[in-house]
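In this chain, residues are counted from 1 in sequence order.
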Amino acid sequence: MDWFAAPDYWLSRLLVQRMIAALYLIGFLAAAAQFRALIGADGMLPVPRFTARVPFRHAPGLFHLHYSDRFFAAVAGTGAAIAAALVAGLGDAVPLWASPLPWAVLWVLYLSIVNVGQTWYSFGWESLLLEAGFLAAFLGNADTAPPALVLWLMRWLVFRVEFGAGLIKIRGDSCWRDLTCLRYHHETQPMPGPLSWFFHHLPDPLHRVEVAANHVVQLVVPVCLFLPQPVATYAASLIVATQLWLVASGNFAWLNWLTVTLALAAVDPARLGLPVHPRHYHATPAWFEALVIALTATVAVLSYWPARNLVSRRQIMNRSFNRLHLVNTYGAFGSINRIRQEVVVEGTDEPVVTSHTVWREYGFKGKPGDVRRLPRQYAPYHLRLDWLMWFAGISPAYARPWFLPFVARLLAGDPATLRLLRHNPFPDAPPTHVRATLHLYRFTDWRELRETGAWWHRTELYEYLAPVDLAGLARAGYRPPLGRRVRTVPLDRLRRPGDGRGHSSGAAGGHPPGPPE
């Protein structure tokens with residue numbers, strides 16, 4: 001079938017498959033490095049407790065069959081090894097019939113992690129990576145011309161990512177419609193990068209141009225992906241350029257890089273003047289054609305729910321309509337915070353807390369803390385605790401399931417938890433008490449930066465968590481990590497986040513936006 005093959009896209013296929021494999025590698029490495037403190041057997045939200053109450057049919061994966069920290073590490077390590085092999089060319093080194101197998105293993109392994117990851121894995125880019133990796137399995141290898149149908153399915157995926165994000169903005173916060181959102185976004189985004197301070201201080205007319213250009217790229221350009229060449233290539237190039245702008249302005253894990261990768265599926269290298277020599281392939285096997293056609297029919301059926309969501313007035317973003325995370329709906333930042341609230345976590349080694357107690361601050365790797373520390377670039381790596389701390393500043397109720405277990409692990413000096421942090425102010429022995437305060441953060445201006453060397457200015461708002469010790473947390477039902485002795489230091493008072501005084505979320509309408517699942 002001449003219409004089935006797209007031999008001119010061999011370079012696009014190579015780049016798409018290798019880049020998706022590289023992002024899988026990052027995802028598995030991040031899981032291996034962070035899981036013990038987050039979802040391990042003795043983590044803040046343990047997998048065994050989750051699988052005990054959630055049946056397999058609602059969260060399919062390997063960990064319903066067995067869980068131990070050693071097994072999870074093996075799963076993450078195996079996924080990382082296979083992903084690295086695909087980056088190195090494994091998919092092209094095996095016969096066509098075997099080329100989908102390593103991709104299928106990656107998908108099963110990462111699906112197993114996501115489906116037990118709970119709040120820590122409730123981000124849209126998790127489903128996006130699963131969906132992209134599933135499609136990549138059907139792109140074939142170097143022995144076969146790229147199947148045009150799969151390339152079109154990837155265009156459909158990019159369309160949903162961009163068009164869904166554009167619609168949620170237009171339907172959401174009024175600042176997207178009056179072109180003022182970027183007065184706030186660079187400062188209040190979850191995890192600013194090293195250039196975010198400079199983006200924030202761009203002239204206001206340029207911020208308006210940014211917003212207007214964003215609307216064009218997300219609401220008009222995606223439609224052009226389905227037009228004949230060279231229009232589709234130019235549309236994909238605009239999407240790539242916009243995503244690289246977002247990479248420079250903030251940290252959004254692998255969302256931007258994965259969108260760039262998928263957009264390359266619509267690029268005909270010859271249309272960009274690249275010296276790409278055509279390749280000649282043998283006829284595509286009938287079984288492979290049947291497999292790709294079956295995939296296309298399946299995606300077409302599953303597309304009903306995300307397509308209906310796109311046209312709905314009650315559009316939701318970042319939702320999977322099936323437990324396998326296939327053919328999802330996407331979107332981001334339907335509302336923009338006007339202010340930045342950060343939770344500052346501190347400890348003391350004094351046996352009794354008084355008004356003269358000296359508190360020492362814990363330092364996080366990515367989230368703002370030390371006002372003199374320039375934000376770092378971590379994406380496409382994903383710092384899950386730092387991202388959730390942003391939500392904790394917006395909504396104490398959202399953080400309640402994991403925040404006090406986090407504090408308990410600081411009080412116990414849990415090594416796995418401390419490895420998630422940049423700075424532990426108690427290297428010799430754990431603190432006796434931990435507290436948290438909520439602060440208002442804003443970027444300094446040029447004058448303040450020159451005079452103080454500070455990138456941020458912060459003002460304390462109120463007590464987020466009263467000083468607490470391990471004995472008090474144990475009485476409240478929050479256990480320390482296994483093997484850690486509970487101190488008997490008396491608890492002055494314990495207030496769960498959200499109790500007592502109210503808070504201002506800074507989100508449109510006064511409600512936290514919820515995680516970008």
Fill in the blank from the handout: Sorted by chain and residue number, the side-chain hydrogen bond (donor to acceptor under 3.5 Å, both in side chains) partners of T329 (sequence neighbours excluded) come out as N309
Practice task
Side-chain contact test, heavy atoms from C-beta onward, threshold under 4.5 Å: evaluate it for S68 versus F71 and give yes or no.
Solution key: yes
Handout entry: salt bridge (charged side-chain N to carboxylate O under 4.0 Å, His left out) partners of E346, counting only residues at least two apart
Key = R435
Problem - Any donor-acceptor N or O pair under 3.5 Å, side chains N328, S320 - result: yes
Fill in the blank from the handout: On a heavy-atom basis, the closest approach of M191 and G366 is CG-O, 3.5 Å
Exercise for the section: Compute whether any side-chain donor of one residue and acceptor of the other, for H64 and N115, lie under 3.5 angstrom apart. Expected result: no
Exercise for the section: Establish, yes or no, whether a centroid distance under 6.0 Å links the rings of F443 and W456. Expected result: yes
Problem - Nearest-0.5 Å distance that lies between atom CE in M19 and atom CG in L25 - result: 13.5 Å
Handout entry: Aromatic ring proximity, centroids under 6.0 angstrom, F252 and F333
Key = yes
Practice task
Taking the side chain as every heavy atom from C-beta outward, state whether L440 and I339 have any atom pair closer than 4.5 Å.
Solution key: yes
Problem - Aromatic contact, H207 with H186 (centres under 6.0 Å) - result: yes
Exercise for the section: Indicate whether the side chain of E350 and that of T357 have a donor and an acceptor atom separated by less than 3.5 Å. Expected result: yes
Handout entry: Side chains of T119 and F391 in contact at under 4.5 Å (non-hydrogen atoms)
Key = no
Exercise for the section: Verify whether the ring centers belonging to Y24 and W254 lie closer than 6.0 Å. Expected result: no
Practice task
For the residue pair F28 and L106, establish whether any side-chain heavy-atom pair is separated by less than 4.5 Å.
Solution key: yes
Practice task
Go through the steps to decide whether D173 and R338 satisfy the test salt bridge (charged side-chain N to carboxylate O under 4.0 Å, His left out), and finish with yes or no.
Solution key: CA-CA 11 Å; D173 202 320; R338 272 48 170 189; 2.5 Å; yes
Problem - Test salt bridge (charged side-chain N to carboxylate O under 4.0 Å, His left out) applied to E342 and R340, step by step - result: CA-CA 7 Å; E342 287 287 347; R340 180 178 202 94; 2.7 Å; yes
Handout entry: Closest approach of P55 to R53 (non-hydrogen atoms, all atoms of both residues)
Key = CD-O, 3.8 Å
Exercise for the section: Spell out, as yes or no, whether a donor-acceptor pair under 3.5 Å connects the side chain of N251 to the backbone of P192. Expected result: yes
Handout entry: F426 and Y362 aromatic ring geometry - parallel, tilted or perpendicular at 30°/60° bounds
Key = tilted
Exercise for the section: Look at the aromatic rings of F406 and F364 and report parallel, tilted or perpendicular, splitting at 30° and 60°. Expected result: tilted
Exercise for the section: Could you tell me whether F123 and W387 have their ring centroids closer than 6.0 angstrom? Expected result: yes
Handout entry: SB check E361 R458 (cutoff 4.0 Å)
Key = yes
Exercise for the section: Supply the atom-to-atom distance T188 OG1 to Y184 OH, rounded to the nearest 0.5 angstrom. Expected result: 10.0 Å
Handout entry: Ionic contact status for E187 with R442, cut-off 4.0 Å
Key = no
Handout entry: Nearest-0.5 Å distance, CG of residue L404 to CG of residue L465
Key = 6.0 Å
Problem - Min side-chain heavy-atom separation D386-L420 under 4.5 Å - result: no
Handout entry: Other residues, nucleotides, ligands: >12 heavy atoms within 6.0 Å of W402 CH2
Key = yes
Handout entry: Between T348 and H433, a side-chain donor and acceptor under 3.5 Å
Key = no
Exercise for the section: Taking all heavy atoms of M389 and all of V345, pick out the closest pair and write down the distance. Expected result: CE-CG2, 4.1 Å
Handout entry: Ring centers of F50, F63 separated by less than 6.0 Å
Key = no
Problem - Note, I20 side chain near M154 side chain (heavy atom, < 4.5 Å) - result: yes
Handout entry: Non-hydrogen atoms of V240 and A263 that approach each other most closely
Key = CG2-CB, 3.9 Å
Exercise for the section: Heavy atoms only: give me the nearest L411-T432 pair and the separation to one decimal. Expected result: CD2-O, 3.6 Å
Exercise for the section: Determine the minimum heavy-atom distance between P396 and Y464, stating which atoms define it. Expected result: CA-OH, 3.3 Å
Handout entry: Point-to-point distance, once rounded to the nearest 0.5 Å, from CZ of R447 to OG1 of T452
Key = 9.0 Å
Handout entry: Between Y330 and E131: side-chain donor-acceptor atoms closer than 3.5 Å
Key = yes
Handout entry: Side-chain ion pair, D370 and R422, N-O less than 4.0 Å
Key = no
Problem - Worked verdict on R384 versus E126 for salt bridge (charged side-chain N to carboxylate O under 4.0 Å, His left out) - result: CA-CA 12 Å; R384 300 185 184 279; E126 314 292 357; 2.6 Å; yes
Handout entry: Nearest-0.5 Å distance, CG of residue N322 to CH2 of residue W305
Key = 8.5 Å
Practice task
Write out all pairs satisfying salt bridge (charged side-chain N to carboxylate O under 4.0 Å, His left out) with one or both partners inside residues 63-79, taking only residues at least two apart or from two chains.
Solution key: R36-D69
Fill in the blank from the handout: Here the gap from I168 atom CD1 to I316 atom CD1, rounded to the nearest 0.5 Å, amounts to 8.5 Å
Practice task
Flag the pair Y67 / P46 as yes when at least one side-chain heavy-atom distance between them is below 4.5 Å, and no otherwise.
Solution key: no
Handout entry: W125 and W257 aromatic centres sub-6.0 Å
Key = no
